[in-house]
A.B. asks: 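So that we are looking at the same thing, I have put the structure below in structure tokens.
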2 protein chains.
Amino acid sequence: MELTGRKMKILAAIVDAYVATGEPVGSKLLALDLGVSSATIRNEMADLVEMGLLEQPHTSAGRVPSQKGYRLYIDRIMERKPISQAERLYLDGLLHSTAYDPERLLDNASQTLAGVTKFAAVSTSPSGGLADIRAVQFVQTSRRTAMIILLSSAGTMKNRVFRCDFDLTPEILRIFFRVINEKTAGMPVSGITPAFIQSFAASLGEMTILMSSALMALLEVAQDSLETDVCLNGQMNLLFYPEFERGNARRVMDFLERPQDLARLLLEQPGSVHVLVGRESQRPELSESSVVVARYAIDGHDAGAIGVIGPTRMDYAKLVPSVEYLAQSVGKMLTELMKEE
Amino acid sequence: MELTGRKMKILAAIVDAYVATGEPVGSKLLALDLGVSSATIRNEMADLVEMGLLEQPHTSAGRVPSQKGYRLYIDRIMERKPISQAERLYLDGLLHSTAYDPERLLDNASQTLAGVTKFAAVSTSPSGGLADIRAVQFVQTSRRTAMIILLSSAGTMKNRVFRCDFDLTPEILRIFFRVINEKTAGMPVSGITPAFIQSFAASLGEMTILMSSALMALLEVAQDSLETDVCLNGQMNLLFYPEFERGNARRVMDFLERPQDLARLLLEQPGSVHVLVGRESQRPELSESSVVVARYAIDGHDAGAIGVIGPTRMDYAKLVPSVEYLAQSVGKMLTELMKEE
DNA sequence: TTTAGCACTCGAGTGTTTAGAGTGCTAAAC
DNA sequence: GTTTAGCACTCTAAACACTCGAGTGCTAAA
């Protein structure tokens with residue numbers, strides 16, 4: 001069966017109405033909008049159901065877009081609603097306060113996104129997989145404890161407090177700094193393995209004991225850097241949608257509480273913006289949810305992603321540009337930050 | 001009417017059974033346990049209802065403890081179930097991994113508590129209100145950005161990345177360190193006000209421009225230190241309780257999402273452990289929820305609190321010792337950390 | 001004071017009925 | 001061939017009646 005222009009119009013109208021109201025859409029409502037009778041609409045709707053683009057909750061109910069219907073709507077029908085100048089300024093303003101700290105910036109970004117969309121929002125930290133060590137810094141935090149800070153070329157910055165069995169002095173910290181940076185500066189973060197630490201320690205001769213806790217901390221902080229951090233915000237927003245009234249919320253929440261899975265989901269999406277409707281995500285927990293993801297790049301290199309998760313009934317036309325813009329902003333800010341080396 | 005020993009026994013049995021099953025408790029069930037007939041129990045139960053200690057959802061249902069009933073149970077009847085050696089070891093083991101970083105320790109503590117209790121858990125950072133500045137450290141994080149780290153006598157450690165309009169050098173950072181520590185070391189964190197920063201800047205003469213962004217960062221980081229951080233974990237656990245099936249969860253969640261309110265609630269509780277049943281918290285959002293809070297002390301001085309929030313139907317006898325133990329552990333670990341100055 | 005017995009109440013579950021929304025189909029109109 | 005008016009049909013949600021059983025309160029005897 002052919003998908004005529006009018007069928008597209010009807011599908012679009014149904015998506016719009018359903019997204020707005022959450023109620024199945026009947027033929028009468030559309031007849032007004034399109035200037036034909038409700039009977040005509042009904043004929044067309046029957047075709048659309050046959051084509052798998054609409055669904056009927058039950059015989060005497062209106063129609064609801066199927067996941068395939070949303071897909072078609074997204075790919076071929078919807079007109080993106082660009083975000084206004086005012087909205088841009090608003091978003092940028094919110095992001096600005098955390099411009100100099102990648103970790104806080106990304107948390108802020110997902111918080112912001114959750115706030116404006118009223119869905120759950122997620123962001124991943126710049127992927128550290130291929131990053132090099134830019135520097136390793138030490139700061140004394142008490143008589144016997146110090147903080148190690150690892151700065152990577154991906155812009156991540158991880159710290160960890162560790163403890164020595166002897167009193168620290170600026171002199172000792174300077175030794176930590178020199179010895180560790182001489183050996184590791186410029187090497188890939190992923191090169192800091194237990195084996196590397198072991199051989200490193202062995203090469204230190206009588207200093208081994210002095211440095212052991214610092215080296216352990218280095219290992220931990222490097223492993224931390226390699227992991228993709230995931231910031232999740234606004235899960236609670238989901239409780240407000242009738243789609244998640246019952247126990248349905250729990251399955252989604254379960255998924256959201258697994259950061260690794262969340263990161264994988266975000267990062268495996270291609271393209272600058274990508275929409276996953278329901279089962280398209282291949283995640284049973286999300287079979288009734290949709291995901292809008294946008295990637296951000298640092299200095300032209302793909303680095304991470306940011307997205308929203310909510311019920312399939314969402315305003316894709318509005319969301320896609322919002323998520324995309326936010327990802328671009330984040331990328332721009334991180335690039336700016338990196339440019340200064 | 002007098003509260004006889006048997007009445008107490010019946011109340012205790014009802015609380016125990018109701019906490020375990022979630023179903024109103026009928027007279028037959030108790031007759032078995034107490035060796036008297038169900039009619040006798042019914043008479044007693046009628047008295048307990050009259051005294052306001054029990055409630056009846058409807059005429060032909062069993063009894064449920066009222067909030068007043070829980071209160072009496074907690075104050076005069078329940079025997080605390082001390083936590084086992086194995087549980088102690090388990091908890092301590094979980095806490096141990098973050099022993100050297102107060103912030104992470106407290107997040108870990110509330111995470112742990114949420115995990116073992118299956119309720120929502122909250123912890124506050126050591127209150128910074130009266131703390132002094134122990135040291136202010138600087139670390140270069142890129143050509144023009146640096147991290148300022150404020151260590152307070154309360155054990156908090158806050159950092160912030162800031163940016164200068166000129167290239168940083170170790171020499172400049174050393175100046176930042178010297179100038180700022182000379183002026184601020186030992187002074188109360190609360191003394192770092194905008195006015196103080198302004199007069200400080202004014203006193204620097206030609207160095208004012210050099211230091212301005214560092215001073216702004218100092219102000220921000222001091223204000224951060226003064227704020228009580230609140231770590232919330234396991235909100236999602238609440239969704240599993242029938243008490244929160246409907247929209248009821250939302251009101252509680254709303255409250256949980258307001259960190260200041262949460263902090264106030266925790267910190268205004270007296271004593272080492274405190275239980276708030278339902279409306280006792282004076283928070284309408286929590287009128288159907290209970291809170292178990294324990295305070296932790298650093299070096300003998302009251303510093304913060306940690307607690308759980310869940311439906312009024314909770315196993316207080318088990319929870320109270322758990323929360324108390326965790327708070328003690330946290331306090332001990334933080335004291336340890338501080339002792340080394 | 002306790003208990004057996006019994007009538008009573010109420011909720012949960014199960015049909016039944018009704019109203020209304022929305023459909024599919026048909027036959028006429030365009 | 002397409003569109004539309006008309007109408008019979010289907011299904012849901014809400015209202016109502018009915019039953020079952022758990023649990024009660026009361027009474028009178030132990």
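Residue numbers begin at 1 in each chain, while the letters A, B, ... track the order of the sequences.
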A.B. asks: Can you check the A:Leu54 CG to C:dG24 P distance for me, whole Å?
C.D. replies: 11 Å

A.B. asks: If you look only at pairs with a residue in residues 40-70 of chain B, which of them pass as a ring-ring contact (aromatic ring centres under 6.0 Å, His included), with sequence neighbours excluded?
C.D. replies: B:Tyr70-B:Tyr316

A.B. asks: Below 4.0 angstrom, N of the basic side chain to O of the carboxylate: do B:Asp33 and B:Lys9 qualify?
C.D. replies: no

A.B. asks: Is there a residue in residues 6-36 of chain A whose heavy atoms reach under 4.0 Å of DNA chain D, and which residues are they?
C.D. replies: A:Arg6, A:Val36

A.B. asks: Going by the salt bridge (charged side-chain N to carboxylate O under 4.0 Å, His left out) test, which pairs reach into residues 49-69 of chain A, not counting sequence neighbours?
C.D. replies: none

A.B. asks: List the atom pairs, donor and acceptor, that lie under 3.5 Å between side-chain atoms in residues 263-271 of chain B and the rest of the protein, sequence neighbours left out.
C.D. replies:
| unit_1 | atom_1 | unit_2 | atom_2 | d |
| --- | --- | --- | --- | --- |
| B:Glu268 | OE2 | B:Arg283 | NH1 | 3.2 |
| B:Glu268 | OE2 | B:Arg283 | NH2 | 3.2 |
| B:Gln269 | NE2 | B:Leu265 | O | 2.9 |

A.B. asks: What pairs of donor and acceptor atoms, side-chain ones from residues 20-31 of chain A against any protein atom, are under 3.5 angstrom apart with sequence neighbours left out?
C.D. replies:
| unit_1 | atom_1 | unit_2 | atom_2 | d |
| --- | --- | --- | --- | --- |
| A:Thr21 | OG1 | A:Ala17 | O | 3.0 |
| A:Thr21 | OG1 | A:Glu23 | N | 3.1 |
| A:Ser27 | OG | A:Arg42 | NH1 | 3.2 |

A.B. asks: Would you kindly compare A:Ser38 and B:Ala39 by the position of their nearest DNA chain C nucleotide and give the one closer to the 5′ end?
C.D. replies: B:Ala39

A.B. asks: Does anything in residues 70-79 of chain B form a salt bridge (charged side-chain N to carboxylate O under 4.0 Å, His left out)? List the pairs, not counting sequence neighbours.
C.D. replies: B:Arg71-B:Asp75, B:Arg71-B:Glu280

A.B. asks: Just to verify, what does A:Tyr18 make a side-chain hydrogen bond (donor to acceptor under 3.5 Å, both in side chains) with, not counting sequence neighbours?
C.D. replies: none

A.B. asks: Rounded to whole angstroms, how far apart are CD1 on B:Ile41 and C1' on C:dT2?
C.D. replies: 11 Å

A.B. asks: Under the rule for ring-ring contact (aromatic ring centres under 6.0 Å, His included), what residues qualify as partners of A:Tyr241, not counting sequence neighbours?
C.D. replies: A:Phe119

A.B. asks: Strictly below 4.0 Å, N to O, side chains only: are A:Glu285 and A:Arg251 in salt-bridge contact?
C.D. replies: no

A.B. asks: Can you sort out which residues in residues 42-51 of chain B have a heavy atom within less than 4.0 Å of DNA chain C? Ascending by number, please.
C.D. replies: B:Arg42, B:Asn43

A.B. asks: Taking atom OH of B:Tyr90 as the centre, does the number of heavy atoms from other residues, nucleotides or ligands within less than 6.0 Å exceed 12?
C.D. replies: no

A.B. asks: Name the pairs: protein N/O against N/O of nucleotides 7-14 of chain C, kept only if under 3.5 Å.
C.D. replies:
| unit_1 | atom_1 | unit_2 | atom_2 | d |
| --- | --- | --- | --- | --- |
| C:dC10 | O2 | B:Ser60 | OG | 2.9 |

A.B. asks: Taking the basic N atoms (NZ, or NE/NH1/NH2) and the acidic carboxylate oxygens, is any pair closer than 4.0 Å for A:Arg295 and A:Glu324?
C.D. replies: no

A.B. asks: Could you note down all residue pairs passing side chain to side chain donor-acceptor pair (under 3.5 Å) where residues 111-124 of chain B supplies at least one of them, sequence neighbours left out?
C.D. replies: B:Asn108-B:Thr112

A.B. asks: Both distances under 3.5 Å, Watson-Crick or G-U wobble: on that basis, could you give the dot-bracket string for DNA chain D, with [ ] for crossing pairs and | for other-strand partners?
C.D. replies: ||||||||||||||||||||||||||||||

A.B. asks: Does a salt bridge link B:Asp261 with B:Arg258, judged by any charged N lying under 4.0 Å from a carboxylate O?
C.D. replies: yes

